[in-house]
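To keep things clear, I will list the structure first and then write my remarks on it.
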Amino acid sequence: MDSSHYCLRDPTREIRLLDLVSARDLGDVEGRIRRANIGNAPPFVAVSHVWGDRKSDRRIHLDSGCGSRYAHISPNLEALFTKLLGHDSTTLPQLWENDSRLPLWVDMICINQIDAGEKASQIPLMREIYSQASSVIIWIHEDDSRVHKAFRYLRQIAAYRVVGATNRSVLFDPEGWDAVKQF
C-alpha cells in the first residue's frame, strides 16, 4: 500500500487507528483508518499478534481520508478480526466504550510496512502506544496445537505450586516444555 493512503503529517508523533467495520460478502474484512496524535489519542486497543506465514496473505479493505485501498494481512490477523467482529459489549467489554467499539492499533496495518522511513519513526513510539492503550490483546492463534500444549503445561506448573506438591518429577513434561520453548 502506498504511503499516500496513510496521510500521516508527522510520523514521529501521529499514529493510525483502525476502526473495524465488518466482513464483506466476499470474505474480506473491512475497516476505516484514522489519524491521532500520540499525546491525545482517543481510547484504543493495541493488538500484539503473531504475524505467521507471510506467503499466504489475506486482505482487508480500508477507507481513510486519503482514499480506499486493500492492505495485505496475515491469515492469523484475519482470524482475530473475524473473532472480534463476533463480540459485543457484553461478551468482550474491553473492546467497547459507551456502546461503541474502540479503535485498534495493529502494527501490520497502522505502520506502513513498505516505508522504511516511516517504520523508523513509528517503531520508537511502540512503547508509548502500548502503554497508552486502554487494553492490549495478545493473539497467538487459537488453532495452534503448541499453544494448547504450552498453556496446559503452564497450568500444571501453577497448580503444582498452589497445592504445594513435593514430587517434582510430576512437573516435567517434555512435550509441554518444548511447546513453551517455541514461544
Side-chain angles (χ1 to χ4, degrees), residues 1-115 118-119 121-123 125-126 128-144 147:
M1 179 174 305
D2 62 55
S3 296
S4 65
H5 175 64
Y6 280 111
C7 299
L8 284 185
R9 290 186 195 116
D10 181 4
T12 64
R13 295 306 311 152
E14 285 183 323
I15 61 172
R16 292 178 192 89
L17 297 173
L18 169 67
D19 291 305
L20 208 50
V21 179
S22 67
R24 296 179 137 210
D25 293 336
L26 302 172
D28 290 328
V29 179
E30 218 174 299
R32 282 188 295 275
I33 294 285
R34 57 177 147 146
R35 193 176 59 227
N37 186 294
I38 189 67
N40 61 358
F44 66 93
V45 176
V47 175
S48 177
H49 63 99
V50 174
W51 282 40
D53 183 7
R54 300 281 320 248
K55 293 176 187 164
S56 55
D57 281 345
R58 301 294 200 283
R59 58 191 200 159
I60 181 171
H61 182 259
L62 297 172
D63 284 319
S64 75
C66 301
S68 179
R69 298 273 197 293
Y70 282 94
H72 291 283
I73 59 174
S74 68
N76 192 36
L77 188 56
E78 180 186 54
L80 171 64
F81 289 163
T82 302
K83 289 285 185 191
L84 293 179
L85 286 167
H87 288 281
D88 61 25
S89 61
T90 60
T91 59
L92 195 57
Q94 300 84 344
L95 280 182
W96 294 78
E97 183 174 278
N98 300 328
D99 293 326
S100 295
R101 185 179 288 123
L102 291 174
L104 303 173
W105 181 87
V106 184
D107 59 351
M108 186 177 270
I109 294 171
C110 296
I111 297 175
N112 186 350
Q113 299 299 320
I114 61 172
D115 184 334
E118 181 180 307
K119 284 181 10 182
S121 297
Q122 292 278 293
I123 289 171
L125 295 177
M126 290 176 72
E128 196 171 352
I129 291 167
Y130 281 106
S131 66
Q132 286 188 16
S134 301
S135 295
V136 175
I137 295 173
I138 299 171
W139 179 257
I140 298 168
H141 196 287
E142 65 187 354
D143 294 332
D144 189 331
V147 173

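From a predicted model like this one, the values you see are computed outputs, not experimental measurements.
A salt bridge between Lys83 and Glu78 is absent, with no side-chain N of the basic residue lying under 4.0 Å from a carboxylate O of the acidic one. Using a 4.0 Å cut-off between charged side-chain N and carboxylate O, Arg34 and Glu14 make no salt bridge.
Atom CD1 of residue Ile111 and atom CZ of residue Arg16 lie 8.5 Å apart, to the nearest 0.5 angstrom. His72 contributes atom NE2, which lies 11.0 Å from atom CE of Met108 (distance to the nearest 0.5 angstrom). From Leu92, atom CG reaches atom CZ of Arg101 across 9.5 Å, with rounding to the nearest 0.5 Å. With rounding to the nearest 0.5 Å, the separation of CD1 in Ile60 from CZ in Arg69 is 15.0 Å. In this structure, Ser121 OG and Asn112 CG are separated by 11.5 Å, a value rounded to the nearest 0.5 Å. Atom CD1 of Ile137 is separated from atom OG of Ser48 by 10.5 Å, given to the nearest 0.5 angstrom.
Between Arg58 and Val29 there is no side-chain heavy-atom pair separated by less than 4.5 Å. Counting heavy atoms from C-beta on, the side chains of Lys119 and Ile114 never come closer than 4.5 Å. Using a 4.5 Å heavy-atom threshold, the side chains of Leu8 and Arg35 count as touching. A heavy-atom distance below 4.5 Å is not found between the side chains of Leu102 and Leu95.
There is a side-chain donor-acceptor pair under 3.5 Å between Asp88 and Thr90. For the 3.5 Å distance criterion, the side chains of Asp10 and Thr12 qualify, holding a donor opposite an acceptor.
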| message | Walk me through whether Leu77 and Val50 qualify under side chain to side chain contact (heavy atoms under 4.5 Å, CB included). | response | CA-CA 8 Å; Leu77 188 56; Val50 174; over 6 Å; no
| Hey, mind stepping through Glu128 and Arg13 against salt bridge (charged side-chain N to carboxylate O under 4.0 Å, His left out) and telling me if it holds? | CA-CA 10 Å; Glu128 196 171 352; Arg13 295 306 311 152; 3.4 Å; yes
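No option in Ile109, Val106, Leu18 other than Val106 meets the side chain to side chain contact (heavy atoms under 4.5 Å, CB included) test with Val47. Considering Val45, Leu85, Leu80, Thr82 as possible partners of Leu20, the one that fulfils the side chain to side chain contact (heavy atoms under 4.5 Å, CB included) test is Leu85.
Nearest approach of Gly39 to Asn37, heavy atoms of both residues: N-OD1, 2.7 Å. In terms of heavy-atom proximity, Glu118 sits nearest to Pro11 at CG-CB, 4.3 Å. Across every non-hydrogen atom of Pro103 and Leu17, the tightest pair is CB-CB, 3.9 Å.
Pairs passing the ring-ring contact (aromatic ring centres under 6.0 Å, His included) check and including a residue from residues 76-110, sequence neighbours excluded, read Trp105-Tyr130.
A donor-acceptor contact shorter than 3.5 Å is absent between the side chain of Asn98 and the backbone of Ser100. At least one donor-acceptor pair under 3.5 Å links the side chain of Asn76 to the backbone N or O of Ile140.
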